[in-house]
Amino acid sequence: MLREELENHLNGLLAVPQFRDYCPNGLQVEGRREIHKVVLGVTACQALLDAALARGADALIVHHGYFWKGENPAITGLRRQRLATLIKNDLNLFAYHLPLDAHPELGNNAGLAAAMGWEVSGRFGEKDIGWLGQLPDALALGELADQLTTLLQRPPLLIGNPEKRIRRLAWCSGGAQGYFEQAVAAGVDLYLSGEISEPTVHLARESGVAYLACGHHATERFGVMALARHLRVEFGLECEFVDIPNPV
């Protein structure tokens with residue numbers, strides 16, 4: 001398919017105009033016009049760029065792209081190397097940040113809930129990016145952490161009593177520990193996100209709401225994997241998810 005066709009489809013599908021984000025969503029670096037193979041990944045690091053080239057990709061779709069607000073805009077060092085790799089090889093780079101967290105079917109939070117079998121009951125936070133729900137049956141916090149370890153292939157950092165029974169929960173992928181207070185106000189037993197900060201521990205202890213930090217990278221693989229499946233079915237595009245391991 002043509003580059004502009006893919007861009008228009010993704011921008012509409014992910015409702016890009018609805019989001020005020022920290023980076024541009026959509027086509028970030030323009031490459032060749034015809035797209036036959038797409039590689040998808042979480043972050044447009046050099047290792048993922050190299051993997052896309054090795055696989056003969058025409059386009060790369062990621063959750064974390066470039067040109068973040070507050071960054072030094074100078075194109076030097078590693079930034080220059082990454083952009084040179086894309087431009088020299090005529091490789092398109094598409095990036096979708098908050099739109100790919102929030103999407104009701106293809107998003108990171110939707111994917112985590114579906115994989116864990118959680119019942120979704122509501123949304124919260126800016127642009128409804130946080131999710132609310134419940135477990136089919138109450139479960140000890142330690143048992144839930146074990147299930148997440150199996151799914152995400154990494155143990156979460158657990159703040160709370162492992163024996164605490166969990167039924168109502170809130171979650172938001174990535175660096176969303178800032179939504180913890182809103183989750184507490186919603187009356188949940190547990191809040192789950194990708195990252196944790198020093199004040200998070202005190203809020204968990206004093207509120208009695210447990211906290212699981214499951215990994216920024218680990219909780220944000222679902223969206224790009226779902227996009228790969230969608231593009232295969234919708235357009236017959238050859239799509240491959242490439243996971244570059246990241247312990248954070």
Side-chain angles (χ1 to χ4, degrees), residues 21-23 41-43 45 62-64 68-71 97-98 100-102 107-116 118 120-135 138-225 243-248:
D21 211 334
Y22 316 105
C23 62
V42 176
T43 299
C45 59
V62 298
H63 182 50
H64 300 136
W68 299 90
K69 290 181 181 177
E71 280 189 341
H97 185 231
L98 294 182
L100 198 52
D101 287 312
N108 291 314
N109 292 314
L112 177 60
M116 290 295 293
W118 297 338
V120 178
S121 60
R123 307 279 288 269
F124 71 100
E126 185 179 2
K127 296 297 181 182
D128 287 336
I129 196 170
W131 290 49
L132 297 166
Q134 61 184 23
L135 305 179
L139 196 64
L141 176 60
E143 293 180 65
L144 181 59
D146 289 342
Q147 291 181 1
L148 286 160
T149 298
T150 299
L151 174 67
L152 302 176
Q153 295 299 295
R154 55 158 291 162
L157 176 61
L158 185 158
I159 307 298
N161 180 357
E163 301 301 319
K164 176 184 173 72
R165 304 298 289 179
I166 302 297
R167 183 67 190 270
R168 296 168 299 169
L169 72 162
W171 64 97
C172 190
S173 63
Q177 61 268 45
Y179 288 117
F180 190 17
E181 287 192 62
Q182 292 185 45
V184 171
V188 299
D189 306 311
L190 163 71
Y191 180 59
L192 179 156
S193 188
E195 295 189 15
I196 188 168
S197 300
E198 194 272 347
T200 310
V201 176
H202 304 295
L203 179 56
R205 290 171 177 169
E206 294 170 21
S207 68
V209 176
Y211 191 95
L212 288 176
C214 298
H216 194 134
H217 176 87
T219 57
E220 294 194 328
R221 291 178 290 198
F222 296 98
V224 283
M225 290 192 291
D243 192 22
I244 304 298
N246 189 327
V248 174

[atom1]-[atom2] distance between [X] and [Y], expressed to the nearest 0.5 angstrom:
| X | Y | atom1 | atom2 | value |
| --- | --- | --- | --- | --- |
| D189 | L141 | CG | CG | 10.0 Å |
| T149 | R154 | OG1 | CZ | 9.0 Å |
| D146 | L151 | CG | CG | 12.5 Å |
| L169 | S121 | CG | OG | 8.5 Å |
| L203 | F180 | CG | CZ | 4.5 Å |
| N108 | M225 | CG | CE | 8.5 Å |

* Parallel, tilted or perpendicular: rings of H64 and H216 (30°, 60°) ->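 Plane angle over 60°, so perpendicular.
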* Would you list the pairs meeting side-chain hydrogen bond (donor to acceptor under 3.5 Å, both in side chains) in which at least one residue belongs to residues 170-182, sequence neighbours left out? => D101-S173, S173-E220, Q177-S197
* Are more than 12 heavy atoms from other residues, nucleotides or ligands located less than 6.0 Å from atom CD of Q147? ->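 Yes - once you tally the heavy atoms of other residues, nucleotides and ligands closer than 6.0 Å, there are more than 12.
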Do you know the tightest heavy-atom contact between [X] and [Y]?
| X | Y | value |
| --- | --- | --- |
| T219 | S193 | CG2-O, 4.5 Å |
| A213 | I196 | CB-CB, 3.8 Å |
| A218 | C214 | CB-O, 3.5 Å |
| A145 | L212 | CB-CD2, 4.3 Å |
| N246 | V248 | OD1-N, 3.0 Å |

* Asked: Is there side-chain contact between L144 and L190, with at least one heavy-atom pair below 4.5 Å?
  ->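 Heavy-atom side-chain distance check passes, below 4.5 Å.
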* Flag the pair L157 / Y211 as yes when at least one side-chain heavy-atom distance between them is below 4.5 Å, and no otherwise. =>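 They are not in side-chain contact.
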* Verify, without hydrogens or angle tests, whether R168 (side chain) and L132 (backbone) share a donor-acceptor contact under 3.5 angstrom. =>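 Answer holds: no.
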* Can you list the residues that meet the side chain to side chain contact (heavy atoms under 4.5 Å, CB included) rule with D128, with sequence neighbours excluded? -> R123
* Which residues satisfy the ring pair (Phe, Tyr, Trp, His ring centres under 6.0 Å) test with H217, sequence neighbours excluded? ->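 Testing H217 for ring pair (Phe, Tyr, Trp, His ring centres under 6.0 Å), a comparison that skips the adjacent residues, returns none.
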